[in-house]
Every structure is written in structure tokens, then in C-alpha cells.
Novice: 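Mind looking over this structure? Questions follow.
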Amino acid sequence: MAVTAVTDAFVEFDRVQKSYDGETLVVKDLNLTIAKGEFLTMLGSSGSGKTTCLMMLAGFETATSGDIRLAGRPINQVPPHKRGIGMVFQNYALFPHMTVGENLSFPLEVRGLARAEREVKIARALDMVQMGAFISRRPSQLSGGQQQRIALARALVFDPALVLMDEPLGALDKQLREHMQFEIKHLHESLGITVVYVTHDQGEALTMSDRIAVFNDGRIQQLAPPSDLYERPGNSFVASFIGENNRLQGTIKELSGDKALVRLSTGELIDATAVNVKEKGARTLVSIRPERVEFKPEMMPPGAHTLDAEVVEVIYMGDILRTVLKVAGSDDFVMKMRNTLGQTRLAPGQKIKVGWHPQDARALDP
């Protein structure tokens, strides 16, 4: 898909392609601009091309064709250590034989800074990640979360304008990972640095990013802020990949602008927002988020089409009740209800009607 350029481009991929064997492209005609100070996440499954793009930007991989520019300067031929880019890896990549202070000192020594200046920068970087008291310890004396903080401080210690992060929280447990997400985001905001972040975790991408580039098969499927990506997926791949999603197969019966009337495969008619369908009679996949499904008539918009449903199971998840339904030929249609005082509790086998606002049903490519 075409990707709209942002103004004040700081990082630019211009028609970049990458092949390892000279035949198969793992990155295909990538055009992407990233603004100064932006937090952009490259999101995708293994093999989608996201990490290869990050490695080309870092200088650890070479583009087969196309140009990569940093602050307007072509960097295809610039070696990694001369790009001035901070890097954080999933496995921390700390030197085990060095103390924390020595690990942070290393990139400063490479850049020829005097000892006094190094000490000031090291102290400041450790304070950023609340690790000043650990300056004399070795990595083996730190927990995984502490090691990740040190890796982050080392990437920031020489004041880079651009920091790249490759699955940096993947080795941490869930609670610590969520805490570190907010820490990294707050550091980004306070320092004003540009961050390019790679992950396969959708929740992580939605939490941290200014914009997300969703990768599949070496191409960006959609590039948008988190809310747009979740609320308005541009195709069926993005709708399926980002968050939980109900999908109903159907055919376009009527089409007028961005409004579509869809006949489902079981014959029912529903209204939907036309997103990625071109003509009447075309097959479509209708996407509806589980939290937008309602079963109480007073919660549905006037004139909304409703569908017959049967409750398969209700799963208690603390803050929500996840209800699986049989709807229009689908046996795994999900409705999520907030666990609020007085919420109606449904039971397996119960017959209900469900509906949603037409703008929450998106008619996408099949």
C-alpha cells in the first residue's frame, strides 16, 4: 500500500528492498518516513521483514536496492559505529566481564570522551533508569529487568538522536514487561529522542507508539496511530492481526460511498462501513470487535440489524466477561462485556439477539 510521508522526515526508507539469496525479497519496495522525535513501532510476526528493516537502519544489514537516509544524509555506506545510533537488544548484549559503569563507559571511550565527561554522562544515564546504585556490579549480579535497564542506559549514554530497539522486553515476565513499556515511553517523551521499536506483541505496540507500521510478507500493510489501526483496520490482515476480532463472510448487496449492505453467508442482512471492497456482488469479510457487540436492545443504535445468537460459553476474566456465541454460521463469535455491578449474566444454551453500530462493522477484502 502507499504510505503517506510525514513532514520533517528524520529517517527515510526510499524504495528499499532486501534479498539474502538474490531471488527472494524479504523487504519489498519499502517507502517509509519517520519524523524527528517520533516513536514508531514496526509490528509483525516472524519473517514479516520488520527486523531486517531495523538491521538495515542500524547498518548490520545492507539494502539490496534503494536508499536509507538519516537527517537527510544517505547512510547506506556508513558503517554502524559511525551512524550515531543507540541500540537495545532482547538479550541485553552487556559485556559480562565489565561492571555496569564500564559497560556504559565503553561507547563513550570509543567516541574519545575524556574521563570526567564520561563520568558525568554515565551518572546521568543511570539516574534516568533508576540504577545509579548499581554502577559497580557486574551483569551476572543483576536481575533480567535490571540488565535491561542497563542496556537501555548504555544506548542513551552518548546522547543519540535515534534509538533502535529490537524486541527489548521479550525476555521479561508480563508484569515487568508492562512496567518497562511505560518507563521507555516516558523516557522517550522526556528526552525527545526518535525511537524505532520492533516487536511482535500487539499490546506493546498499541501502548507505546505514536505510529505503528504493520508488516506482512515484506510490506507495510498499514501505517497509522494506534487508535486508527485498531478502530479502522485497512484490510482483513490488519483486522485479524491487531487485537481480537470477529469475522463474518458475506457478499456486498448494496454499496453507496462508504456504506454497504452485506448479505451474510447464512442469508442475514447487516449494515457495514465499506473499507476495502470495490463493487456490488463482491465477496467480503466483515470485521467486528468483540467489545462493540451488544445484546441489550437499549444499547443498540436505532434501526440496527440484529442477529440471532446462542451462548456457547461464558469465561470470567476479572474485568470482563468473555462470551462465545454461535452467530450467522460462526461458532466462535466473541462478545466482551465489562464486569460491572448489575451486569446481566448469560448462561450456555441461552438464546439472545446481538447487534452493533454499523460504523463498527467494517466490510473488508475477503
Side-chain angles (χ1 to χ4, degrees), residues 1-6 9-35 38-91 93 155 160-171 194-202 204-205 209 211-224 229 233-242 276 365:
M1 63 172 287
V3 178
T4 304
V6 296
F10 183 58
V11 176
E12 299 172 85
F13 289 85
D14 185 4
R15 296 171 296 166
V16 171
Q17 301 201 116
K18 176 64 178 178
S19 174
Y20 290 103
D21 61 8
E23 295 181 6
T24 306
L25 289 173
V26 294
V27 175
K28 304 170 182 175
D29 197 31
L30 176 67
N31 293 285
L32 173 64
T33 56
I34 303 167
E38 184 175 16
F39 194 121
L40 182 127
T41 296
M42 295 178 174
L43 174 67
S45 56
S46 296
S48 62
K50 63 188 189 303
T51 298
T52 300
C53 289
L54 193 79
M55 291 299 118
M56 287 191 289
L57 181 54
F60 301 132
E61 296 286 355
T62 304
T64 303
S65 63
D67 294 311
I68 302 174
R69 293 185 288 272
L70 182 60
R73 179 174 65 110
I75 58 172
N76 291 49
Q77 306 305 319
V78 178
H81 66 280
K82 291 188 176 180
R83 296 190 180 193
I85 295 173
M87 188 88 193
V88 185
F89 298 95
Q90 179 177 341
N91 63 359
L162 174 64
V163 175
L164 311 183
M165 301 190 184
D166 185 19
E167 302 272 8
L169 308 181
T194 307
V195 176
V196 180
Y197 192 99
V198 161
T199 184
H200 66 276
D201 187 309
Q202 301 123 36
E204 196 166 279
S209 314
R211 288 190 304 161
I212 302 170
V214 180
F215 277 77
N216 183 49
D217 192 29
R219 297 185 188 277
I220 294 178
Q221 300 294 311
Q222 189 171 352
L223 174 63
L229 207 62
N235 59 39
S236 58
F237 175 83
V238 174
S240 300
F241 191 75
I242 303 291
N276 205 8
D365 51 291

Novice: Going from CZ on Phe39 to CE on Met165, what distance comes out if it is rounded to the nearest 0.5 angstrom?
Specialist: 6.0 Å
Novice: Evaluate the criterion side-chain hydrogen bond (donor to acceptor under 3.5 Å, both in side chains) for residue pair Asn235 and Asp365; output intermediate values, then yes/no.
Specialist: CA-CA 6 Å; Asn235 59 39; Asp365 51 291; 5.4 Å; no
Novice: Can you tell me how far CD1 of Ile212 sits from CD of Gln221, rounded to the nearest 0.5 angstrom?
Specialist: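 It is 14.5 Å, given to the nearest 0.5 Å.
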Novice: Looking only at heavy atoms, what is the nearest atom pair of Gly86 and Pro160, with distance?
Specialist: N-CB, 3.7 Å
Novice: Under 4.5 Å between any side-chain heavy atoms of Gln90 and Asp166, yes or no?
Specialist: no
Novice: Can you tell me how far CG of Leu169 sits from CD of Glu204, rounded to the nearest 0.5 angstrom?
Specialist: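 These two atoms lie 4.5 Å from each other.
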Novice: Looking only at heavy atoms, what is the nearest atom pair of Ala35 and Thr194, with distance?
Specialist: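 Nearest heavy atoms, Ala35 then Thr194: O-CG2, 3.7 Å.
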Novice: Please round to the nearest 0.5 Å and tell me the distance separating atom CZ of Arg69 and atom CD1 of Ile75.
Specialist: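 Going from CZ on Arg69 over to CD1 on Ile75, the span is 10.5 Å.
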Novice: Using side-chain heavy atoms (C-beta onward) and a distance below 4.5 Å, is Ser45 in contact with Phe241?
Specialist: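 Yes - at least one pair of side-chain heavy atoms lies under 4.5 Å apart.
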Novice: Working to the nearest 0.5 angstrom, can you tell me the gap between Glu61 CD and Leu54 CG?
Specialist: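 Glu61 atom CD to Leu54 atom CG measures 11.0 Å (nearest 0.5 Å).
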Novice: Ile85 and Leu57: which non-hydrogen atoms are nearest, and at how many Å?
Specialist: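 Distance-wise, the nearest heavy atoms are CD1-O, 3.5 Å.
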Novice: Do you know which two heavy atoms are closest between Arg211 and Leu223, and how far apart they sit?
Specialist: NH1-CD2, 3.4 Å
Novice: Measure across Met42 and Leu32 and return the closest heavy-atom pair with its distance rounded to 0.1 Å.
Specialist: CE-CD2, 3.9 Å
Novice: Using side-chain heavy atoms (C-beta onward) and a distance below 4.5 Å, is Val27 in contact with Cys53?
Specialist: yes
Novice: Decide yes or no on side-chain contact (heavy atoms from CB on, under 4.5 Å) for Leu43 and Ile242, but give the supporting numbers first.
Specialist: CA-CA 10 Å; Leu43 174 67; Ile242 303 291; 3.3 Å; yes
Novice: Please evaluate residues Val198 and Phe215 with respect to the criterion side-chain contact (heavy atoms from CB on, under 4.5 Å), reporting the C-alpha separation (whole Å), side-chain torsions for both, the decisive distance (0.1 Å), and the verdict.
Specialist: CA-CA 10 Å; Val198 161; Phe215 277 77; over 6 Å; no
Novice: Using the side-chain contact (heavy atoms from CB on, under 4.5 Å) rule, take Tyr197 and Leu40 through it: C-alpha gap first, then chi angles, then the decisive distance, then the call.
Specialist: CA-CA 6 Å; Tyr197 192 99; Leu40 182 127; over 6 Å; no
Novice: Kindly say whether His200 contributes a backbone atom to a donor-acceptor pair with the side chain of Glu167 at under 3.5 angstrom?
Specialist: yes
Novice: Let me know which of Met87, Lys18, Lys50 forms a side-chain contact (heavy atoms from CB on, under 4.5 Å) with Met55.
Specialist: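 Of all the options given, the one that passes is Met87.
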Novice: What's the verdict on side-chain contact (heavy atoms from CB on, under 4.5 Å) for Phe13 and Asn31, showing C-alpha distance, side-chain angles and the deciding distance?
Specialist: CA-CA 5 Å; Phe13 289 85; Asn31 293 285; over 6 Å; no
Novice: Measure across Val16 and Met56 and return the closest heavy-atom pair with its distance rounded to 0.1 Å.
Specialist: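 In terms of heavy atoms, the two residues are closest at CG1-CE, 3.6 Å.
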Novice: Mind checking the CG-CD spacing from Asn216 to Gln222? Nearest 0.5 Å is all I need.
Specialist: 13.0 Å
Novice: Please answer whether the main-chain N or O of Ser19 pairs with a side-chain N or O of Thr64 as donor and acceptor at a distance below 3.5 Å.
Specialist: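 Yes, the answer is positive, given that a donor and an acceptor are paired below the 3.5 Å cut-off.
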